[in-house]
Amino acid sequence: MTYKVTLLPGDGIGPEVTEAARRVLEATGVAFEWEVAQVGAGVMAQYGTPLPEEALQSIRRNKIALKGPVTTPIGTGFRSVNVALRKELGLYACLRPCKTYPGVPSLYKDVDIVVVRENIEDLYAGIEFERGTAETTGIIKYINEAKKSKIGSDAGISIKVISETNSRRIVKYAFDYARKYQRTKVTAVHKANIMKFSDGLFLATARKVAKEYPDIPFEDRLVDNLAMQLVKNPQEYDVLVLPNLYGDIISDLCAGLVGGLGMAPGANIGEGVAVFEPTHGSAPKYAGQNKVNPMALMLSGVLMLRHLGEGTAADRLERAIAAVVAEGRNVTYDMKPPGKEAAAVGTKQVADAVIAKLA
Ligand code: NAD
């Protein structure tokens with residue numbers, strides 16, 4: 001059968017890494033028909049939005065997309081295309097497996113952590129009030145009166161929203177994932193001692209859900225403590241489930257444990273729709289240089305193959321990537337030991353090497 005997949009090359013290093021991932025996915029022998037759709041700053045002039053309806057409709061139709069990173073201007077300009085995509089398509093779960101492959105330059109061995117991040121609410125819901133506007137002044141006045149607080153008139157405000165419904169859905173997803181892939185435990189991560197009504201609700205909900213999965217061990221950790229423990233002893237952890245902001249930060253930390261952003265894949269999952277993309281961004285300074293590591297997106301392709309039920313092809317592709325890493329010859333600069341970066345190959349050559357291992 002041929003799988004119709006929406007391909008979003010993105011911008012910056014996106015087009016190079018998506019091309020490399022597309023080539024290795026095709027080399028597995030699984031048949032794909034790619035429907036290419038553009039998003040980001042480059043399409044603003046043509047469509048008046050960085051996320052054209054055409055792209056959204058393509059993903060809704062195909063129910064699956066492989067996506068390169070997209071640049072988000074900082075502090076100004078349009079809102080993140082990535083955040084908008086997650087909201088529009090209801091991609092409530094962000095899955096980020098972080099695994100050490102032998103040969104990866106890392107301080108750690110045998111790390112195998114799966115970060116399950118809530119993807120829609122928390123401080124990322126985009127409910128923000130700009131400093132100095134009439135709306136913000138009114139909200140500050142209300143809070144100061146109701147809570148006897150002293151927020152100054154020069155403050156900006158971002159709202160943290162955590163609901164029982166969305167907490168329940170993400171924690172259930174983490175437990176179902178743990179059961180399906182025979183993982184050993186689930187850890188809920190929070191700061192419920194300080195944020196009692198948001199993180200506290202997340203934790204209370206996680207505890208309730210855990211009771212429905214008596215076969216899977218459950219524990220919880222404060223996020224600051226977890227950050228320290230992950231650096232000290234990452235092998236202690238298996239599936240982590242976190243609200244959006246902590247999930248974002250901790251997944252970058254976990255990427256650092258397994259060789260960096262070049263090795264960190266990801267998937268955004270909704271009801272009947274999924275978008276596969278690396279954890280890393282568009283790294284604009286390296287755009288068009290055939291320099292960066294395409295393995296994070298290739299490994300996102302492995303997740304996509306598993307999602308499609310193509311487990312054998314997924315295992316073959318993962319083994320091929322692991323073999324190239326283990327040999328250490330055809331890898332990009334970030335995978336070379338310090339001082340040996342000059343011997344690195346480019347993005348295209350990594351794809352060639354992976355394809356040779358698949359032959
Ligand atoms: P980044 O991940 O783009 O890059 C940070 C650094 O990590 C790079 O300078 C590079 O040294 C390294 N790096 C990243 N990807 C690499 C790869 N494949 N191979 C080797 N090294 C790699 O993060 P940033 O600089 O904070 O963000 C740049 C832009 O990307 C921003 O506009 C940000 O909003 C956007 N972004 C998009 C997504 C997404 O599309 N899902 C995710 C994160 C950031």
Side-chain angles (χ1 to χ4, degrees), residues 7-21 24 37-44 50-51 55 59 65-89 91 94-96 98 104-106 115 117 119 124 126 244-245 247-256 258-269 274-301 303 321 324-325 330-336 338 341 344-351 354:
L7 188 70
L8 303 162
D11 55 34
I13 57 169
E16 301 160 61
V17 290
T18 34
E19 177 59 12
V24 300
Q38 303 295 342
V39 295
V43 299
M44 274 296 276
L51 183 55
I59 305 172
L66 187 68
K67 174 182 166 297
V70 181
T71 305
T72 307
I74 292 180
T76 166
F78 56 78
R79 281 203 176 280
S80 163
V81 166
N82 306 303
V83 174
L85 254 184
R86 288 166 202 163
K87 267 190 163 174
E88 287 289 331
L89 299 171
L91 303 170
C94 177
L95 186 69
R96 289 179 167 173
C98 294
V104 160
S106 168
V115 178
R117 162 185 170 194
N119 226 2
Y124 279 49
N244 207 338
L245 176 63
D248 193 15
I249 297 167
I250 294 293
S251 51
D252 268 39
L253 191 160
C254 290
V258 300
L261 286 170
M263 290 302 289
N268 294 296
I269 314 275
V275 176
F276 295 85
E277 64 174 344
T279 296
H280 66 72
S282 58
K285 69 178 177 192
Y286 293 131
Q289 294 178 29
N290 187 39
K291 183 174 169 91
V292 296
N293 193 349
M295 285 180 171
L297 191 52
M298 290 178 180
L299 290 166
S300 308
L303 298 178
I321 296 167
V324 171
V325 172
N330 295 303
V331 293
T332 45
Y333 75 97
D334 54 312
M335 302 284 281
K336 289 285 185 191
E341 291 87 351
V345 302
T347 311
K348 276 198 194 97
Q349 289 67 36
V350 173
V354 173

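Indexing begins at 1, ligand by ligand and atom by atom, following the structure's order. Residue numbers count from 1 along this sequence.
Geometrically, ligand 1 and H280 share a nitrogen or oxygen pair separated by less than 3.5 Å. Checked by distance only, ligand 1 and V70 come closer than 3.5 Å through their nitrogen or oxygen atoms. For ligand 1, the polar-atom distance check against G262 finds no nitrogen or oxygen pair separated by under 3.5 Å. Annotation: G281 places an N or O atom under 3.5 Å from an N or O atom of ligand 1; distance criterion only.
Each of V354, L297, I321 was checked for a side-chain contact (heavy atoms from CB on, under 4.5 Å) with V24, and the lone residue meeting it is V354.
By heavy-atom distance, the residue among P294, A20, A344, P284 lying nearest atom 28 (C) of ligand 1 is P284.
Residue contacts with ligand 1 include L261, since one of its heavy atoms falls under 4.0 Å from the ligand. Look at K67 and you'll find a heavy atom under 4.0 Å from some atom of ligand 1. By the 4.0 Å heavy-atom criterion, T279 is counted among the residues contacting ligand 1.
Within the 4.0 Å heavy-atom criterion, both parts of N293, backbone and side chain, lie near ligand 1. For D334, every heavy-atom contact with ligand 1 shorter than 4.0 Å involves the side chain, none the backbone.
Taking every heavy atom of T71 and a limit of under 4.0 angstrom, the matching atoms of ligand 1 come to 32 (O). The Y333 neighbourhood of ligand 1 comprises atoms 10 (C), 11 (O), 20 (C), 21 (N), 22 (C), with distances under 4.0 Å to a heavy atom of that residue. Every atom of ligand 1 is numbered from 1 in the order shown, and the set under 4.0 Å from a heavy atom of V292 is 17 (C), 18 (N), 19 (N). Set against the non-hydrogen atoms of N82, the atoms of ligand 1 under 4.0 Å away are 37 (C), 38 (C), 39 (C), 40 (O), 41 (N). For ligand 1, the atoms sitting less than 4.0 Å from at least one non-hydrogen atom of K285 are 9 (O), numbered in the order shown with element in parentheses.
D248 has a carboxylate O that lies under 4.0 Å from a charged side-chain N of R96, or vice versa, which qualifies the two as a salt bridge.
Annotation: cation-pi pair K67/F276 absent, no NZ/CZ under 6.0 Å from the ring centroid and within 45° of its normal. Geometric assessment of R117 against the ring of Y124 yields a positive cation-pi assignment under the 6.0 Å and 45° thresholds.
Residues N119 and I269 form no side-chain contact, since every pair of their non-hydrogen atoms from C-beta on lies 4.5 Å or further apart. V104 places none of its side-chain heavy atoms less than 4.5 Å from the side chain of V258. Side-chain atoms of V324 and V331, non-hydrogen and from C-beta on, do get closer than 4.5 Å to each other.
Side-chain atoms of T347 come within 3.5 Å of backbone N or O of V292 as a donor-acceptor pair.
In summary, the side chains of Q349 and N290 do present a donor paired with an acceptor at a separation below 3.5 Å, with no hydrogens or angles considered. Counting only N and O atoms by type, the side chains of S251 and T279 include no donor and acceptor under 3.5 Å apart.
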